[in-house]
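In what follows, chains carry the letters A, B, and so on, assigned in the order in which the sequence lines appear, proteins first and then strands, with residues in each chain numbered from 1. What you are looking at is a predicted structure, and each value in this text was computed from that prediction instead of being measured.
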Number of protein chains: 2
Amino acid sequence: MSIQTRRERERAERERLIVTAARELAEAEGWEAVTTRRLAAEIEYSQPVLYSHFKGKEAIMAAVAVQGCAELAAEMRTASRAAKGKRGRLTAVGEAYTAFARRRPALYDAMFTHRVDLPFATPEAPAELQEAFAELLAAVEPIAAEGDDPGLLTETYWAGLHGLVTLMRSGRLPEGAHERRLELLTGHFTAEASR
Amino acid sequence: MSIQTRRERERAERERLIVTAARELAEAEGWEAVTTRRLAAEIEYSQPVLYSHFKGKEAIMAAVAVQGCAELAAEMRTASRAAKGKRGRLTAVGEAYTAFARRRPALYDAMFTHRVDLPFATPEAPAELQEAFAELLAAVEPIAAEGDDPGLLTETYWAGLHGLVTLMRSGRLPEGAHERRLELLTGHFTAEASR
DNA sequence: GCCTTGATTCTAGCAGTGCTAGCGAATCTG
DNA sequence: CAGATTCGCTAGCACTGCTAGAATCAAGGC
């Protein structure tokens, strides 16, 4: 029994090693540098061990993405706590979100850009994802108008943030005016919708 | 001289052939199916001819993207013309944009998601790109508030549309509520910002 | 203590990718 | 008709994700 548990512990340890190695490599040189061979060399094992832990490269990216979601949720939470008022909190959360995306582009891509086999908008989604969304929701809900569904409004605001970040990062929007665009987005969401 | 021109004409013809073949293959089976070998077989030439026309696969995708921009601009324009009023036009253009993205996902990805070496937010950007942006601008400008920069507001609205489309297509937002989210986005942009 | 049994990790290889060097043939020029 | 030049092809490089089967190591029974 004890031997069994030691082995399981070692396995779990190695799995964490794989995930952090993948993440660090991706953050340092981008996901295109994360090849199974490079990753195997990094953890000082041979290639096939990766496949005894994960179904494939996508699954490794998914594991990294889940980690990232937990961090994003935490950063949005602390930003929200430090701010005052409905508008202040939404602004703070929006800034925390985009700051995270710009500081950790590779992590962000694994979470929200790359095709990755994670359940998202369902109850089966990993707790970390739901946590991150809940954090956004908590900031958006107070500024929702009477008849608006807060969930849908949050999704829409999220889309705005995501669009800003991705278009900017791919060079399709100039970096310089980011703060002003973010301000515009948040400003229009905290206004009363004229329907 | 005539021989020269005939050759140039044939070359240009073949170049168009490459671009349309790439586009059709991408739309039918996705960009991951568009390999240089497959593409070469499709145009009934060998692989290396592709490289006598384009610097690489990315350049081919860029050419497809430019085509797509022209079409998107045209579709937004006709939608805008058919609509009435400031709000009606913005709604129509937003719907045209997202409808285009959902109907031609591969084309959309080449234009706005995949990393592609096209100048975007500069005067050197291809005319087709500027045209598409101008079409959006024309719809957004009338609803801009007093002190708002219409260009920045357009970029922000664009980001919202782009976020909605990409998050939905990657399964991160449920497809069902798309119309309602789009309505929320447009609604908040046509409202007065409370700054 | 030795040998068998079982799991675990590695070597080697497959089928594919984007891209390119250099040969062969077809074409135009003098 | 011979020579020069352009053109497209064959073949191959270095890489990718992934896997079958050999080899190695540790545990258990005698």
Under the salt bridge (Lys or Arg N to Asp or Glu O under 4.0 Å) test, residues paired with A:Arg181 that sit two or more places apart: B:Glu155
Cluster check B:Val64, B:Val49: I/L/V/M/F/W/Y, side chain < 4.5 angstrom: yes
Residues within residues 14-27 of chain B bordering DNA chain C, heavy-atom distance below 4.0 Å: none
Each stem that DNA chain C is part of, given as range with range (3 or more consecutive Watson-Crick or G-U pairs, under 3.5 Å): C:1-23 with D:8-30, C:25-27 with D:4-6
A:Pro48: side chain to side chain contact (heavy atoms under 4.5 Å, CB included) partners, not counting sequence neighbours: A:Ser46
Any residue meeting side chain to side chain contact (heavy atoms under 4.5 Å, CB included) with A:Thr35, in chain and number order, not counting sequence neighbours: A:Arg37, A:Arg38
Greater than 12 external heavy atoms within 6.0 Å of B:Glu44's CD: no
Base-contact (B) and sugar-phosphate-only (S) positions in nucleotides 10-22 of chain D, heavy-atom cut-off under 4.0 Å, - elsewhere: B-B---BBBB---
Rounded distance (nearest 0.5 Å) linking atom CD of B:Glu95 with atom CG of B:Leu182: 6.0 Å
Pairing residues for A:Thr20 by the side chain to side chain donor-acceptor pair (under 3.5 Å) criterion, not counting sequence neighbours: none
Spacing of B:Trp31 atom CH2 relative to C:dT17 atom C1', expressed in whole Å: 16 Å
For atom CZ of A:Arg11 and atom P of C:dT8, their distance in whole Å: 7 Å
Residues forming a side chain to side chain contact (heavy atoms under 4.5 Å, CB included) with B:Ala127, sequence neighbours excluded: none
A:Ala21: side chain to side chain contact (heavy atoms under 4.5 Å, CB included) partners, not counting sequence neighbours: A:Leu39, A:Glu42, A:Ile43
N-O pairing of B:Glu13 and B:Arg9 below 4.0 Å: no
Rounded interatomic separation in angstrom, taking CZ from B:Arg115 and P from C:dG18: 18 Å
Please tabulate, for the side chains in residues 105-116 of chain B, all donor-acceptor contacts under 3.5 angstrom to protein atoms that are two or more places apart in sequence or on a different chain.
unit_1, atom_1, unit_2, atom_2, d
B:Tyr108, OH, B:Tyr97, OH, 2.6
B:Tyr108, OH, B:His162, ND1, 2.7
B:Asp109, OD1, B:Thr113, OG1, 2.7
B:Asp109, OD1, B:Arg169, NH2, 3.0
B:Asp109, OD2, B:Arg169, NH2, 2.8
B:Thr113, OG1, B:Asp109, O, 3.2

Atom-pair distance (CD on B:Glu44; C1' on D:dG8), nearest Å: 15 Å
Nucleotide N/O of nucleotides 23-25 of chain D paired with protein N/O under 3.5 Å:
none

Test: B:Arg14 and B:Glu10 ion pair at under 4.0 Å: no
Residue pairs, two or more places apart or on separate chains, that pass salt bridge (charged side-chain N to carboxylate O under 4.0 Å, His left out) and touch residues 117-129 of chain B: B:Lys55-B:Asp117
